[in-house]
2 protein chains.
Amino acid sequence: MYSYEYPRPSVTVDCVIFAWDSENSDLKVLLIERAHNPFAGSWAFPGGFVDMDEDLETAARRELEEETGMNDLFMEQLFTFGAPNRDPRGRVISVAYYALVSLAHHADQIKAASDAADTQWVSVKELSELELAFDHKEVMKIALERLRGKVRYQPIGFELLPEKFPLSQLQILYEQVLGMTLDKRNFRRKILKTKLVLPLDEYQQNVSHRAAQLYKFDKDTYEQLVKEGFVFEI
Amino acid sequence: MYSYEYPRPSVTVDCVIFAWDSENSDLKVLLIERAHNPFAGSWAFPGGFVDMDEDLETAARRELEEETGMNDLFMEQLFTFGAPNRDPRGRVISVAYYALVSLAHHADQIKAASDAADTQWVSVKELSELELAFDHKEVMKIALERLRGKVRYQPIGFELLPEKFPLSQLQILYEQVLGMTLDKRNFRRKILKTKLVLPLDEYQQNVSHRAAQLYKFDKDTYEQLVKEGFVFEI
DNA sequence: GCAAAAGTGTTTGCGCTACACCCATGA
DNA sequence: TCATGGGTGTAGCGCAAACACTTTTGC
């Protein structure tokens, strides 16, 4: 037992994992079906309590690894949710993070863990049909707004793609996330002009049409350019 | 006494109050000299513990009112700081907020309160000379980055000005916050084109040169335009 | 009349947009 | 040979940047 002079809230971390499904050109998030109450049977973002000697982001990464087996993702703090009644068990403040991965690269890493009866990737378009636990609907809304806002001004779209990708995939990703269509020629010109994507001597395989050239994001160049005052923008 | 099966962190809120000092064309933040340990004598952002039945933002506004007498400010969540050793008293997680005010409008509201031996507005340029408590140096850094980033894409600059202001003040504010000079004619054209600032039939008073026309930010029009897909940008 | 800041237009060039066809590949 | 997506160039327009002088006011 731990005793304190004043009452204290519990603190948890929750992770919104966005994954880009290249095959279906679809943005998905990872949900876990809650095995226990509260909200047993509802879907929730992976998360859990913060250890006392553990940094917040460390906690988020640990929970993620425990519940899904995924590690070493791009991850940023999203928002802290602290409405007094957001958890029926009592005062629970949740520090939410969001992460970006390529589905192809990570889907196979997923494993069900102790307190997860089931795990699924859900298209963000179909999310409204699911019942989410706690205030996770609100969390989702904030996460999507953040992703949409951030993708324009920072090259985080690449985090959703495999290391090597054709430019068409990048374009479709942007079109889906931003909810608009983009002109193919203009898009390519813009992206290539930045010098942030390097053409490789590799091509798509096993496609029943002309194979597209593959590119990769050049993080080193990006960081170099940022130092010189470069601002990424789509 | 309150007892729990597992240990729990304390949760605090801290507020970075940015104020625009029109007279000196200077961006300032509010600091409170700590009267008690830890960090007695150091300067810190106003803040305190979150009550158990209180929303996070409500807590931030309450602490602000208690310590400075200011209320009803523009305020947004900034970041949550949770490094295990950021507070020598134990595990304390701090949800930081930032607020924007006009110094002329609020400076007189400031009052010293119970746990504040002293209170001062410090120019952000002089902050490096002061010793800040806890991890508030880091908090300050993040707050400035946020302000600089956000001021370009959202009309929050107006929150730093009095209700009625000359365009030259707005320009100087942007120049200071963004750290660049702007062309007067281009700036005026750009601002006026958006229709977000309304010219008033009022003019500066008590200036020893031609009096500038005053303008005000038109929040209603802004919200209307946002609904139509308008994106503010400087 | 002088100091100090307010206010005002035009030109130029770059960047963004719009737009359609041929190519390579596998089935 | 057909279907599928890959890949490419140009013209025109609008917007942003560069730039300097006159006006008003108080002292």
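First the proteins, then the strands, lettered A, B, ... as listed; each starts at 1. Basis for what follows: all heavy atoms, side chains included, without hydrogens, waters or symmetry-related copies. Because the structure is predicted, anything quoted here is derived from the model rather than measured.
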Student: Applying the side chain to side chain contact (heavy atoms under 4.5 Å, CB included) criterion to B:Leu147, which one of B:Val16, B:Leu100, B:Ile142, B:Val124 satisfies it?
Tutor: B:Leu100
Student: Indicate whether OP1 or OP2 belonging to D:dT25 is found under 4.0 Å from a side-chain N or O atom of B:Ser208.
Tutor: no
Student: Please compare B:Val207 and B:Lys190 by the position of their nearest nucleotide in DNA chain D and report the one closer to 5'.
Tutor: B:Lys190
Student: Output the single nucleotide from D:dG7, C:dT8, C:dA5 whose closest atom is nearest the side chain of B:Arg210.
Tutor: C:dA5
Student: What's the NZ-C1' distance between A:Lys193 and D:dG9, to the nearest Å?
Tutor: 16 Å
Student: Nearest-Å distance, CD1 (B:Ile191) to C1' (D:dA16)?
Tutor: 14 Å
Student: In whole angstroms, how far is the P atom of C:dA6 from the CD atom of B:Gln169?
Tutor: 9 Å
Student: Using atom CD of A:Gln213 as one end and atom C1' of C:dA24 as the other, report the distance to the nearest whole Å.
Tutor: 14 Å
Student: By nearest nucleotide on DNA chain D, pick out whichever of A:Leu214 and A:Arg189 is the more 5' one.
Tutor: A:Leu214
Student: What is the separation between atom CZ on B:Phe187 and atom P on C:dT8, rounded to the nearest whole Å?
Tutor: 15 Å
Student: Nearest 0.5 Å, what's the OG-NE2 distance between A:Ser94 and A:His136?
Tutor: 5.5 Å
Student: Contact class for B:Gln204 vs. all strands (heavy atom < 4.0 Å): base, sugar-phosphate, or nothing?
Tutor: nothing
Student: Rounded to whole Å, please give me the gap between CG in A:Asn186 and P in D:dG12.
Tutor: 16 Å
Student: Per the atom types in the model, does the base of C:dA20 pair as donor or acceptor with the side chain of A:Arg185 at under 3.5 Å?
Tutor: yes
Student: What is the distance, rounded to the nearest whole Å, between atom CG of B:Leu192 and atom P of C:dG9?
Tutor: 12 Å
Student: If you assign A:Asp183 and A:Ala211 each to the DNA chain C nucleotide with the nearest heavy atom, which residue ends up on the more 5' nucleotide?
Tutor: A:Asp183
Student: Could you tell me whether A:Glu145 and A:Lys150 make a salt bridge, using a distance below 4.0 angstrom between a side-chain N and a carboxylate O?
Tutor: no
Student: Is the phosphate of C:dA6 approached by B:Ser168 (side-chain N or O, under 4.0 Å from OP1 or OP2)?
Tutor: yes
Student: B:Glu202 has an atom CD; how far is it from atom C1' of C:dA6, in whole Å?
Tutor: 17 Å
Student: Where do A:Phe134 and A:Arg34 land on the side-chain contact (heavy atoms from CB on, under 4.5 Å) test, with the steps shown first?
Tutor: CA-CA 11 Å; A:Phe134 307 106; A:Arg34 288 184 59 82; 3.6 Å; yes
Student: Give a yes or no on whether a salt bridge exists between A:Arg61 and A:Glu65, defined as a side-chain N under 4.0 angstrom from a carboxylate O.
Tutor: no
Student: Of the options D:dG6, C:dA6, C:dT17, whose atoms approach the side-chain atoms of A:Lys184 most closely?
Tutor: D:dG6
Student: How do B:His209 and A:His209 order along DNA chain C: which one's closest nucleotide is nearer the 5' end?
Tutor: B:His209
